[in-house]
Amino acid sequence: AATARLYRPGHDPLTVLTAGSVRPALLNSSAAWVVQFYSSSCGHCIAFAPTWRALAGDVKDWESAIRVGVLDCGEEGNYETCKEYGIRYYPTIRYFKAFTKQFTTGENYQGADRELQTLRQMMIDFLQNHSQEMRPPACPPLDPVLSSDLTSIFDKNSHHYTAIVFESNSSYVGREVILDLVQYENIVVRRALNVDKPFLEKLGVTSVPSCYLVQPNGSHGLINNLKPLRSFFSSYLKSLPGVRKKLLLPLQLPAPENKEESTEIQVWKEFDKSRLYMADLESGLHFLLRVELATHKALEGAELKTFKDFVTISAKLFPGRQPVVKLLETLQEWLVSLPLDKIPYDAILDLVNNKMRISGIFLPRKVQWVGCQGSRPELRGYSCSLWKLFHTLTVQAALRPKALINTGLEDNPQIVLQVMRKYIQHFFGCKACAQHFEEMAKESMDAVKSLEQAVLWLWEKHNVVNSRLAGDLSEDPKFPKVQWPTPDICPACHEEIKGLHSWNEAQVLQFLKSHYSSDNILYKYTE
Ligand code: FAD
């Protein structure tokens, strides 16, 4: 089927940027920009997409002052670009000023709140704080006018309408209406604060926000019968006789590459859901090592320690094909031998990418989801493979308890879980997922006393996540979030006690040990 991306150029009211178009678009732009760097495989990005789309639609009329864009960091062609912008988590929202002369990585939107209204207000704050001289020319003054200046407006015959939104200090309505009317001619919109009470009284303004109108012929008065809302003010002003939308030349976007719209034809790969596919595990490792970690310029301190431990447990426990295991072992030995406390990630990439096929050290560069295929390209994929990878590692640790001897990580039943916890904390692109996972870990990871309990702990927590995400927008309709393993793949795992469902944990453990064992791995679709 032709694949549909999370955002579609020409269809959504925003600009879909790509590796090729992002720099020219942001550089020396006459409008400021707010860009969401997302990853098509991140559940939160999927869940957030309707908000972002709605925001873009809501501020479409502001685009000559500030534009809304997206860039998909989960798309292979954009990996390098997202690295240049230093994107580590998805979604990351960045502001870019107008008329930047050089490459910049923009300003992060720091807020935790991703409500449409908050985001819209942040856009206004950004425009208002924009350096005056570089301000987008289309952006009118957003600061309030003083009542002394208003008097002169009233006295003037100006041939156009002037609307004044009176409002309180904390209100954004005035600025929203100003921006809503950016593209309209024969009207100027200003805002004033409700500080000079006697003056307001004289004008008949008794409540805020309210909209006051000066006609082209100089007569003026309060507009009554309007609900004190942005939408009422804006649509009233837009419909005044003589107020028209300026004919704008369509904003020129540099060489629109239609790459992301190119209809990748993805052929559905049939698979058996009771089996584990090496293609998923290797693709996950590929993405982890070459994409997710590669957003870090260098590793040091706790991040370096986490990476080293991850490589060690993977080298010892990953039930992979020879070339991949060899690569992990080489990487591990190299990391151990390095006396550095800071390693540039490029050095690691060099090693991972080194074409050592001939010497039998190799990790395929390809993303090939099989059991982790989504019915749409933005669904499942990497996060599915990361779960599978860590389940596999907990199970392998339980099956081969001696594997970690002499690594310094032996004799710790929680070791795989701890490495996973740190990995998720430091590197997983989905920050909110990491927070949830950290909460669960804090609560009960300490109680794990054996390698077997570690297998069951991860199983149980994964089911907690499944149950939390059931019905969520990130859920693939073809792969509903269910309590796993389902009765069809493990009948013995399920029991009823007095009519209530209950897990037979001994059976679940046995099932997990077999499901995530080497014997259950299929190599179909690997290179
Ligand atoms: P996944 O949940 O990814 O499962 C992959 C496969 O693992 C399944 O197909 C099945 O074969 C097997 N499996 C399923 N359940 C279990 C189990 N209990 N034990 C063992 N194996 C199992 N997304 C969000 O939107 N919000 C979050 O907070 C969030 N937190 C996450 C935390 C972590 C640590 C990770 C790795 C991912 C998180 N995600 C979150 C992503 C989400 O859990 C899924 O990975 C994603 O939605 C893809 O779902 P999926 O259908 O491929 O199944």
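Numbers here are sequence positions counted from 1. In each ligand, atom 1 is the first atom listed, and ligand 1 is the first ligand listed.
Taking the ring centroids of Y38 and Y90, they lie at or beyond the 6.0 Å cut-off. Annotation: Y516 is in aromatic contact with H391 [ring centroid separation under 6.0 Å]. Not less than 6.0 angstrom separates the ring centroid of H426 from the ring centroid of F307.
Of all the atoms in ligand 1, the ones that sit under 4.0 Å from a non-hydrogen atom of I424 are 34 (C). The atoms of ligand 1 that sit less than 4.0 Å from any heavy atom of H436 are 28 (O). Near S474, meaning under 4.0 Å from any of its heavy atoms, are these atoms of ligand 1: 25 (O). Heavy-atom contacts of V465 reach the following atoms of ligand 1: 43 (O) (cutoff under 4.0 Å). Atom numbering of ligand 1 starts at 1 in the shown order; those under 4.0 Å from a heavy atom of N466 are 2 (O), 14 (C), 15 (N).
In this structure, Y423 and F310 have tilted ring planes: the angle between them lies in the 30° to 60° band.
On a distance-only criterion, H515 and ligand 1 share no N/O pair closer than 3.5 Å. Polar contact check, D472 against ligand 1: no nitrogen or oxygen pair lies under 3.5 Å apart.
Under the 2.5 Å cut-off for SG-SG separation, C42 and C430 do not qualify: their sulfur atoms lie farther apart than that.
Between Q425 and E438 the shortest heavy-atom distance is NE2-OE1, 3.1 Å.
Remark: K513 engages E452 in a salt bridge, criterion side-chain N to carboxylate O under 4.0 Å. R230 has a carboxylate O that lies under 4.0 Å from a charged side-chain N of D180, or vice versa, which qualifies the two as a salt bridge. The pair R275-D280 fails the salt-bridge criterion, with no side-chain N (NZ, NE, NH1 or NH2) lying under 4.0 Å from an Asp/Glu carboxylate O. Ion pairing between K422 and E303 fails under the 4.0 Å rule for side-chain N and carboxylate O.
In Y516, the part holding a heavy atom less than 4.0 Å from any atom of ligand 1 is the side chain. Residue contacts with ligand 1 for W459 involve both N, CA, C or O and side-chain atoms from C-beta outward (heavy atoms, distance under 4.0 Å). Under 4.0 Å from ligand 1, the heavy atoms of K388 that appear belong solely to its side chain. By the criterion of a heavy-atom distance under 4.0 Å, the side chain of L469, and not its backbone, is placed next to ligand 1.
The closest approach between any non-hydrogen atom of Q483 and ligand 1 is not below 4.0 Å. The closest approach between a heavy atom of E475 and any atom of ligand 1 is not below 4.0 Å.
At the top of the distance list for atom 40 (C) of ligand 1, counting protein heavy atoms only, stands C433 SG, 3.2 Å. Nearest protein heavy-atom contact of atom 46 (C) of ligand 1 is S383 OG, 3.4 Å.
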